[in-house]
Amino acid sequence: MTKRFSIPVGITATGQHFPEKIVTNNYFAEYLDTSDEWITERTGIKERRWVTQGEASSDLGAKALQMALERRGIRPDDIDAIIVCTVTPDMPFPSTASIIQHKIGASNVFCYDLNAACSSFLYGLTTGASLVASGAIKRVAVVGCDVMSILADKNDRNNVVLFGDGAGAVIVEQVDEGYGIQDFEHRTDGAGGNSLYMLGGGSLNPATHDTVDKKMHYLYQNGKEVFKYAVKGMSEISRLMIDRNQIDPKELKLFVPHQANLRIIDAAAKRLEIPQERIAINITRFANTTSATIPTALHQALEKGMLSKGDITLFAAFGAGFSWGATLLRWGY
Ligand code: UT7
């Protein structure tokens with residue numbers, strides 16, 4: 001049975017923000033045993049943006065949200081809630097959402113952070129849409145912002161080349177009948193927790209000199225394992241959306257996948273028979289920005305005119321947890 005809201009809810013505006021500093025593959029080739037060729041061939045990534053000291057997730061998220069508000073033609077006071085999806089909050093507390101609230105000057109909101117790793121944005125979109133569908137509130141801002149450059153050991157060639165920093169934001173509210181979110185599905189399997197994790201800094205291993213010496217505040221992953229499950233998870237849950245809603249894949253105007261590796265995207269798209277020109281791709285220029293991949297890829301696809309009112313679009317994500325999900329929308333503006 002489809003999971004559709006009792007009132008039509010959709011995205012009515014998007015925004016994005018990236019730090020100015022561009023880090024090319026050749027930067028790593030200068031001090032690590034790697035090359036532009038290896039990174040391009042194995043991941044599709046050519047460059048990424050990294051913050052400079054003092055620039056945090058909230059700075060990126062606030063700017064992306066300001067852009068989305070401007071595009072929608074509304075003021076910060078016109079939103080009722082801010083959900084910030086991130087694995088790299090400015091600090092454990094207060095929430096990055098409350099820091100963004102203060103930065104943009106939104107005075108009628110409640111705010112919280114949500115962490116489902118690379119699936120965070122889709123979980124956040126469903127959560128925000130559910131609040132609107134409840135009828136209790138009118139407009140929610142869902143922001144995906146991450147500073148992934150802080151999680152990778154700069155001397156670990158396996159991980160440091162994969163990640164970038166950035167933010168995307170969307171405004172979620174009621175749309176015309178027949179438009180907006182048509183269906184969604186999310187899954188979590190904690191058995192995958194030992195394939196992608198950061199051990200230090202939480203309640204299990206609070207930060208000490210020892211945890212820092214052991215590099216426990218960096219991300220670790222079994223790349224091959226994650227790759228395999230990402231292709232399987234994203235393609236199977238996307239297929240479920242397509243079949244359950246009796247969509248002919250040819251009707252699908254745009255596929256917006258999480259951007260972790262171009263080979264993962266290509267393999268999932270091949271299984272789903274989605275042609276290359278209908279896939280939103282921004283990993284080449286921005287690498288894996290975790291919570292920001294889907295809203296920024298969507299924003300850029302809209303800028304390129306890849307999506308118009310009435311088009312069917314499918315978002316799909318996979319990340320640590322394992323967590324994964326897909327959301328099917330009929331574009332509403
Ligand atoms: O959103 C977060 C979720 N993460 C993901 O979705 C990541 C999923 N996994 C992947 O994208 C890929 O598995 C990676 C890009 C991480 C690795 O690609 P791979 O084709 O699976 O390579 P591999 O792990 O099998 O490594 C092959 C070789 C290894 O050398 P040895 O052991 O065969 O001598 C690696 O050490 O490639 C080496 N390698 C590199 N070589 C040059 C790993 N990273 C690099 C590098 N430059 N940057």
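Here, residue 1 is the first one in the sequence, and each next residue gets the next number. Note that this is a predicted model, so its numbers are computed, not measured. Both ligands and their constituent atoms are indexed starting at 1 by order of listing.
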[X] bridged to [Y] by N-O distance under 4.0 Å:
{"X": "Asp33", "Y": "Arg157", "result": "yes"}
{"X": "Lys46", "Y": "Asp36", "result": "yes"}
{"X": "Asp165", "Y": "Arg48", "result": "no"}
{"X": "Asp78", "Y": "Arg75", "result": "yes"}

Open item on the list: Is the ring pair Tyr31/Phe28 parallel, tilted or perpendicular, if the boundaries are 30 and 60 degrees?
Closed with: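 Judged by the thresholds at 30° and 60°, the geometry between Tyr31 and Phe28 is tilted.
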- [ ] Please state whether the rings of Phe5 and Phe184 are parallel, tilted or perpendicular, taking 30° and 60° as the class boundaries.
- [x] parallel
TODO: Answer yes or no: is there a donor N or O on one side and an acceptor on the other, between the side chain of Asp113 and the main chain of Thr96, under 3.5 Å?
DONE: yes
Open item on the list: When you measure from the side chain of Arg263 to the backbone of Arg42, do you find a donor-acceptor pair of N or O atoms at a distance under 3.5 Å?
Closed with: yes
Which residue supplies the protein heavy atom nearest to [atom], what is that atom called, and how far is it?
{"atom": "atom 20 (O) of ligand 1", "value": "Arg42 NH2, 2.6 Å"}
{"atom": "atom 19 (P) of ligand 1", "value": "Arg263 NH2, 3.8 Å"}
{"atom": "atom 26 (O) of ligand 1", "value": "Trp38 CZ2, 4.6 Å"}
{"atom": "atom 14 (C) of ligand 1", "value": "Asn261 ND2, 4.4 Å"}
{"atom": "atom 7 (C) of ligand 1", "value": "Gln221 OE1, 3.4 Å"}
{"atom": "atom 1 (O) of ligand 1", "value": "Asn288 ND2, 2.7 Å"}
{"atom": "atom 38 (C) of ligand 1", "value": "Arg157 NH2, 3.6 Å"}
{"atom": "atom 23 (P) of ligand 1", "value": "Lys224 NZ, 3.9 Å"}

Task: Worked check of side-chain hydrogen bond (donor to acceptor under 3.5 Å, both in side chains) between Thr86 and Asp146 - done: CA-CA 6 Å; Thr86 185; Asp146 267 305; 3.0 Å; yes
At a 4.0 Å threshold, what atoms of ligand 1 neighbour a non-hydrogen atom of [X]?
{"X": "Ala260", "answer": "1 (O), 5 (C), 6 (O)"}
{"X": "Cys118", "answer": "1 (O), 2 (C)"}
{"X": "Ile264", "answer": "6 (O), 8 (C)"}
{"X": "Val226", "answer": "3 (C), 4 (N), 5 (C), 6 (O)"}
{"X": "Thr43", "answer": "15 (C)"}

Open item on the list: Go through it in stages, so that I can follow the logic: the residues are Ser119 and His186, the test is side-chain hydrogen bond (donor to acceptor under 3.5 Å, both in side chains), and I'd like the CA-CA distance, side-chain angles, deciding distance and then a yes or no.
Closed with: CA-CA 9 Å; Ser119 305; His186 303 301; over 6 Å; no
Open item on the list: Using the salt bridge (Lys or Arg N to Asp or Glu O under 4.0 Å) criterion, which residues pair with Arg139? Sequence neighbours excluded.
Closed with: Glu173
- [ ] Kindly write out the residues that satisfy salt bridge (Lys or Arg N to Asp or Glu O under 4.0 Å) with Lys3, not counting sequence neighbours, or none if the list is empty.
- [x] Glu185
Task: Passing candidate, side-chain contact (heavy atoms from CB on, under 4.5 Å) with Phe110, options Leu131, Ile83, Asp80 - done: Leu131
When you measure from [atom] to the protein, is at least one non-hydrogen atom found at a distance under 4.0 Å?
{"atom": "atom 28 (C) of ligand 1", "answer": "no"}
{"atom": "atom 4 (N) of ligand 1", "answer": "yes"}
{"atom": "atom 10 (C) of ligand 1", "answer": "yes"}
{"atom": "atom 32 (O) of ligand 1", "answer": "no"}

Residue portion contacting ligand 1 (non-hydrogen atoms closer than 4.0 Å) for [X]:
{"X": "Thr290", "answer": "neither"}
{"X": "Thr34", "answer": "both"}
{"X": "Leu196", "answer": "side chain"}
{"X": "Asn158", "answer": "both"}

Open item on the list: Checking side-chain polar atoms at under 3.5 Å, does Asn159 have a donor or acceptor matched by the opposite partner on Gln221?
Closed with: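 The criterion, which ignores hydrogens and geometry beyond distance, is satisfied for Gln221 and Asn159.
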Open item on the list: Taking distance alone, with N or O pairs closer than 3.5 Å, would you say Gly223 contacts ligand 1?
Closed with: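 Yes, there is a polar N/O contact under 3.5 Å.
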Open item on the list: Taking a cutoff of less than 4.0 Å between a non-hydrogen atom of the residue and any ligand atom, is Ala230 in contact with ligand 1?
Closed with: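 No, that is not the case, since the closest heavy atom of the residue is not under 4.0 Å from the ligand.
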TODO: Please state whether Asp33 comes within less than 4.0 angstrom of ligand 1, counting heavy atoms only.
DONE: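 Yes, Asp33 has a heavy atom closer than 4.0 Å to ligand 1.
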